[in-house]
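Notes to accompany the following structure.
Residue numbering restarts at 1 for every chain, and letters A, B, ... go by the order of the sequence lines.
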Number of protein chains: 2
Amino acid sequence: MRIDYHNHMAQRSRYTDEILRVVSDAGRPVSVDEIRDALRESGVGTATVYRVVNNCVEGGKLKKVELPNAAARFEPADLPHHHHFECDSCRKVYDVPGCAQGVADLAPEGFEVSQHEILLKGTCPECQEASV
Amino acid sequence: MRIDYHNHMAQRSRYTDEILRVVSDAGRPVSVDEIRDALRESGVGTATVYRVVNNCVEGGKLKKVELPNAAARFEPADLPHHHHFECDSCRKVYDVPGCAQGVADLAPEGFEVSQHEILLKGTCPECQEASV
DNA sequence: GTGATTATGATAATCGATTCTCATGTCATG
DNA sequence: CATGACATGAGAATCGATTATCATAATCAC
């Protein structure tokens with residue numbers, strides 16, 4: 001008897017550990033495509049990467065980072081509070097440690113703030129090099 | 001002779017003024033659907049609203065506000081620097097005046113920041129009311 | 001091992017947002 | 001009022017991201 005046949009399975013993908021390692025080693029939020037590329041030799045398929053990262057998000061191991069007009073990125077769920085930088089040139093997303101003073105207090109009277117996101121944009125060091 | 005036949009025309013839509021008025025009156029960034037709804041009686045079509053707002057963005061009259069997993073919103077281009085609040089319940093986007101201290105300075109050494117966005121999330125006053 | 005169960009990958013389907021197409025409407029101008 | 005130039009709306013097409021399908025492969029329980 002099978003429950004939940006064609007939805008996300010519990011968690012027993014043989015790729016889970018490798019995918020978590022890739023995300024962790026990247027040191028920045030990575031997309032499904034980036035994960036798949038990093039594991040190219042393993043032959044893992046896109047669908048599987050999606051399944052695994054979704055599982056991991058559900059299981060509290062990964063956090064989904066959503067940006068405007070971009071595929072979702074994934075990062076370890078246990079990182080301390082931080083924000084992100086998106087490079088206008090290569091589109092890679094980087095971590096920005098720390099947070100600005102009094103961000104949540106910006107909200108006008110009557111708004112209940114449950115979370116906030118700060119997104120910096122510009123050019124990453126690598127792309128600055130490249131353009132010299 | 002026609003140049004640019006089926007792309008954006010110069011700016012002579014008969015709806016331009018009304019659309020700009022809707023955006024301005026809203027007092028918060030509005031989506032194409034919201035604009036269309038506001039002008040429902042006029043019978044304006046979605047395509048036209050897209051054409052007009054795109055023109056206005058190009059012409060420097062409107063600014064496009066892009067959020068994760070949401071249709072673009074549009075606001076007057078001449079507003080002073082500010083940020084946004086997205087209600088988790090009704091999905092409406094509101095303006096948040098002002099800015100936090102030292103936001104751009106958060107970037108690690110070597111990153112060149114050209115702009116930043118702060119997005120607050122939570123519940124707007126209206127939706128708090130509704131849930132009481 | 002053997003049969004049942006479940007994961008995988010290729011690819012089709014879906015989804016929401018946006019843009020394109022094109023027949024028709026509008027409007028200015030001669 | 002004829003003409004041409006262009007704007008409009010309905011709906012089709014597209015786009016990128018993600019999810020669903022399903023035959024097959026891997027794995028598990030015994």
Side-chain angles (χ1 to χ4, degrees), chain A residues 1-20 22 29-59 62-74 86 90-93, chain B residues 1-20 23 29-59 62-74 86 90-93:
Chain A
M1 195 243 286
R2 27 165 96 153
I3 307 176
D4 231 20
Y5 180 50
H6 21 33
N7 285 330
H8 28 137
M9 62 279 174
Q11 189 111 1
R12 56 200 100 257
S13 166
R14 85 182 96 133
Y15 291 110
T16 303
D17 290 342
E18 265 199 299
I19 288 175
L20 287 174
V22 167
V30 286
S31 66
V32 165
D33 279 353
E34 286 176 305
I35 295 169
R36 210 184 95 103
D37 281 356
L39 300 177
R40 199 175 323 107
E41 340 105 50
S42 80
V44 66
T46 308
T48 298
V49 179
Y50 272 106
R51 281 186 286 241
V52 171
V53 295
N54 284 343
N55 268 329
C56 291
V57 168
E58 226 174 298
L62 292 182
K63 194 160 173 289
K64 190 178 199 170
V65 178
E66 308 190 303
L67 305 163
N69 303 323
R73 316 297 163 113
F74 298 86
E86 182 183 18
C90 65
R91 294 285 148 200
K92 283 206 289 278
V93 178
Chain B
M1 195 243 285
R2 24 165 99 152
I3 306 177
D4 232 18
Y5 179 50
H6 19 35
N7 287 330
H8 28 136
M9 63 277 174
Q11 191 112 358
R12 57 200 100 257
S13 166
R14 84 180 98 136
Y15 292 110
T16 303
D17 290 342
E18 265 199 300
I19 288 175
L20 288 174
V23 173
V30 286
S31 66
V32 165
D33 279 353
E34 287 175 304
I35 296 169
R36 211 183 95 103
D37 281 355
L39 300 177
R40 201 173 324 106
E41 340 104 51
S42 80
V44 66
T46 308
T48 298
V49 179
Y50 271 106
R51 281 186 287 241
V52 171
V53 295
N54 285 343
N55 268 329
C56 291
V57 168
E58 227 175 298
L62 292 182
K63 194 159 172 292
K64 190 179 200 169
V65 178
E66 308 189 304
L67 305 163
N69 302 322
R73 316 296 164 115
F74 297 87
E86 181 183 18
C90 66
R91 294 285 149 201
K92 284 206 288 278
V93 178

- Side-chain heavy-atom pair T16(A), N55(A) within 4.5 angstrom cut-off: no
- Y50(B), nearest nucleotide to its side chain (from dG9(C), dT18(D), dT19(C)): dT19(C)
- When all nucleic acid strands are considered with a 4.0 Å heavy-atom cut-off, which category describes V44(A): base, sugar-phosphate, or nothing? sugar-phosphate
- Provide, to the nearest angstrom, the distance between the CZ atom belonging to R91(B) and the P atom belonging to dA17(C). 11 Å
- Task: Starting at atom CZ of R12(B), determine the distance to atom P of dT8(D), rounded to an integer number of angstrom.
- Result: 10 Å
- Rounded to the nearest Å, what distance is computed from the CD atom of residue E66(B) to the C1' atom of nucleotide dG16(D)? 14 Å
- Item | Between P of dT11(C) and CZ of R36(A), the distance in whole Å | 11 Å
- Query: Between C56(A) and L20(A), is any pair of side-chain heavy atoms under 4.5 Å apart?
  - Reply: yes
- Between G43(A) and A71(B), the residue closer to the 5' end of DNA chain C by nearest nucleotide is G43(A)
- Output yes when at least one side-chain N/O atom of S13(A) is less than 4.0 Å from OP1 or OP2 of dA7(C), else no. no
- Item | Nearest to side-chain heavy atoms of Y15(B), which nucleotide of dT18(C), dT19(C), dT8(D) | dT8(D)
- Within 6.0 Å of NZ in K92(B), more than 12 heavy atoms from elsewhere: yes
- Task: Starting from P on dC6(D), measure out to CG on N55(B) and report it in whole angstrom.
- Result: 14 Å
- Side chain of A47(B) - closest among dG9(D), dA20(D), dA17(D): dG9(D)
- Side-chain N or O of N54(A) closer than 4.0 Å to phosphate OP1/OP2 of dT19(D): yes
- Message: By nearest atom, which of the nucleotides dA17(D), dT21(C), dA7(C) is closest to the R51(B) side chain?
- Response: dT21(C)
- Message: Could you tell me how far apart N69(B) (CG) and dT19(D) (P) are, to the nearest whole angstrom?
- Response: 11 Å
- Message: Which nucleotide wins on minimum distance to the side chain of R14(B), given the candidates dC20(C), dT26(C), dT6(C)?
- Response: dT26(C)
- Atom-to-atom span, NZ of K64(B) to P of dT19(C) - whole angstrom: 6 Å
- E18(A) CD to dA7(C) P, in whole Å, measures 18 Å
- Query: Closest heavy-atom contact between V93(B) and P29(B)?
  - Reply: O-CD, 3.5 Å
- Are the side chains of F74(A) and K63(A) in touch, meaning some heavy atoms are under 4.5 Å apart? no
- Considering only side-chain heavy atoms of A72(A), which listed nucleotide, dC6(D), dT18(D), dT19(D), is closest? dT18(D)
